[in-house]
Amino acid sequence: MATLEEATTIILDRIGTTGCERVPLLDALGRTLAEDLAAPYDLPGCDTSAMDGFAVRSAEASPGVRLAVRAFIPAGTTAPAPLEPNSAARIMTGAPIPPGADTVVPFEEVREEADTVILPSPVTGESHIRLRGAEIASGATILRRGTEIGVHQVSLLASCSHAVVPVYRRPRVAILCTGDELVELGTAPGAGQVVNSNAFALAAAVKEAGALPEILDIARDSREKHLALLAQGLKADVLITSAGVCGGDRDLVRGALSELGVEPLFWKVAIRPGGPSACGVKGNTPVFSLPGTPSATLIGFELLVRPVLLKMLGRQTFFRRRIAATLEVPLRNRPGALGVVAVQARFSAGKLIIEKARSRSGRNEPFTPNALALLPKERSDFAPGDQVEALLLAPSLAMEE
């Protein structure tokens, strides 16, 4: 039985990224850059005004001097005429500095009279001018491979005219749930039946991680059905199965995967719930076989599958943040395995407080966790006031600290 750390190391060492694809700029939002990108030109492309004002020669701009306003230069002008001696040019923010000028005096710092401007104070060269290439020099790297593309990265890429962006391809993730007891979503379950909720929970988790879920048909309890649907799932970049791995008479997944040539990497992980989880590979396709209990399925996904998807997507960080948390409720663990409890937590005075916990791992209660409490395998009882490690699930919770 592998520890959680051993299991994640084993599979992460075997899996690489999905490779590069090029997408339109807006489609790159939320994706990960697959190549370094450079600026194709200087930003700004010429010396430009940083203020609305008057372009002048600093050598001529003595206090009290009167300069004739000979030109108007709006933003968008491409080739302004040279500034005449002993004159000024009215200039707008972003407009190119005319040849001969070396400073801009803001409107509010001068006095205008008819077609002249009077400078009451001394000025210095290069005031209120954005020099060519001051923001980004041509050829400079603007974003590195592995950068997650957000709004500010889109703005930067657009400024450098990168209309098409190289990103890591989103892995296709096939999801296969097994069991005769399952009925499809939208069907009222009869006695002994269960709605196939795991398929949609896993699909949502896959999508939240940035990958593309594909829900397969339910694998009924026959070897032939398992073989056919597993073979279909192995055509994806990742295959996740739910239920059928615990070793019962109708737990057919492991045997069928073996028949299909999947190389086992580990079976059973020292976590509870989620312990009877298995992982294997066929070619470059990782296969995760998770338990069928809803909470155990999502815990197995969070701890084992999600880090692999993030690596395939080219992310630099595979794991969510873990921090110390103080209990307000008692928790119990059965020694021998890492206890994983879905909890609700909040920050108070800069400290994370666990205020509520799912009462039973086997029930998919109306309970929305925002963290997982991780209970050491050596202890069984944890009282209010005790500290445990917590894994933060909700981005909003992570930002509260």
Side-chain angles (χ1 to χ4, degrees), residues 1-2 4 6-16 18 171-184 192-194 196-203 205-206 211-271 273-294 296-301 303-309 311-312:
M1 182 182 296
L4 177 60
E6 290 169 343
T8 52
T9 298
I10 287 169
I11 186 59
L12 286 171
D13 285 348
R14 291 291 298 268
I15 299 302
T18 50
R172 294 188 307 110
V173 182
I175 298 167
L176 177 63
C177 295
T178 69
D180 283 345
E181 74 277 13
L182 297 180
V183 296
E184 298 288 3
Q193 294 182 323
V194 180
N196 186 17
S197 61
N198 278 355
F200 291 87
L202 286 169
V206 166
L212 302 173
E214 177 186 350
I215 298 175
L216 304 181
D217 291 338
I218 295 169
R220 301 302 176 184
D221 291 333
S222 75
R223 173 177 168 276
E224 292 74 19
K225 287 285 187 183
H226 275 62
L227 287 172
L229 288 167
L230 288 169
Q232 180 183 344
L234 286 170
K235 296 176 183 177
D237 297 301
V238 180
L239 170 60
I240 305 174
T241 71
S242 174
V245 291
C246 292
D249 291 343
R250 290 192 167 187
D251 292 341
L252 306 173
V253 172
R254 290 180 65 215
L257 288 173
S258 179
E259 285 192 57
L260 292 169
V262 174
E263 173 194 352
L265 296 181
F266 59 80
W267 181 51
K268 293 189 177 179
V269 183
I271 58 175
S277 296
C279 180
V281 292
K282 183 172 184 181
N284 294 323
T285 300
V287 181
F288 294 92
S289 298
L290 305 178
T293 304
T297 299
L298 287 181
I299 285 172
F301 177 90
L303 298 180
L304 299 171
V305 184
R306 188 174 186 273
V308 172
L309 294 182
K311 182 175 183 181
M312 297 176 79

For Ile218 against Gly179, the heavy-atom pair lying closest together: CG2-O, 3.7 Å
Rounded distance [0.5 Å steps], CD in Glu263 versus OG in Ser258: 11.0 Å
Any donor-acceptor pair under 3.5 Å from Asn198 side chain to Gly292 backbone: yes
Steps toward side chain to side chain contact (heavy atoms under 4.5 Å, CB included) verdict (Leu303, Thr8): CA-CA 8 Å; Leu303 298 180; Thr8 52; 5.9 Å; no
Close side-chain approach of Ser242 to Leu176, heavy-atom, < 4.5 Å: no
Validation row: Pro291, Ser277 side chains within 4.5 angstrom (heavy atoms): yes
Nearest atoms (heavy-atom pairs only) where Phe266 meets Ala7: CE2-O, 3.5 Å
Closest contact, heavy atoms only, Gly261 versus Lys282: O-CG, 4.0 Å
Interatomic spacing from OG1 in Thr297 to CZ in Phe288 - rounded to 0.5 Å: 14.0 Å
Step-by-step side chain to side chain contact (heavy atoms under 4.5 Å, CB included) determination, Val173 to Val305: CA-CA 11 Å; Val173 182; Val305 184; 5.9 Å; no
Working for side chain to side chain contact (heavy atoms under 4.5 Å, CB included), residues Val262 and Leu230: CA-CA 10 Å; Val262 174; Leu230 288 169; over 6 Å; no
Shortest non-hydrogen contact from Arg220 toward Leu182: NH1-O, 2.7 Å
Check: Ile10 and Cys279 side chains under 4.5 Å, non-hydrogen atoms: no
Donor-acceptor contact below 3.5 Å, side chain Arg306 vs main chain Val206: no
Which atom of Leu12 lies closest to which atom of Pro307, heavy atoms considered: CD2-O, 3.8 Å
Leu202 side chain reached by Pro213 side chain, heavy atoms, under 4.5 Å: no
Flag, side chain of Lys311 to backbone of Ile15, donor-acceptor distance under 3.5 Å: yes
Sidechain-backbone polar pair: Asp237 side chain, Arg172 backbone, donor-acceptor under 3.5 Å: yes
Leu265 side chain reached by Val281 side chain, heavy atoms, under 4.5 Å: yes
Residue that, paired with Glu259, satisfies side chain to side chain donor-acceptor pair (under 3.5 Å) out of His226, Arg223, Arg254: Arg223
Residue pair Thr285 / Ala236: nearest heavy atoms and the distance that separates them: OG1-O, 3.2 Å
Backbone N/O of Lys225 and side chain of Ser222: donor-acceptor pair under 3.5 Å: yes
Criterion side chain to side chain contact (heavy atoms under 4.5 Å, CB included) against Val287, the qualifying member of Ile240, Leu239, Leu260: Leu239
Atom pair CG/CZ of Asn284 and Arg14 - distance to nearest 0.5 Å: 9.5 Å
Pairwise side-chain contact, Gln232 with Leu229, heavy-atom cut-off 4.5 Å (strictly under): yes
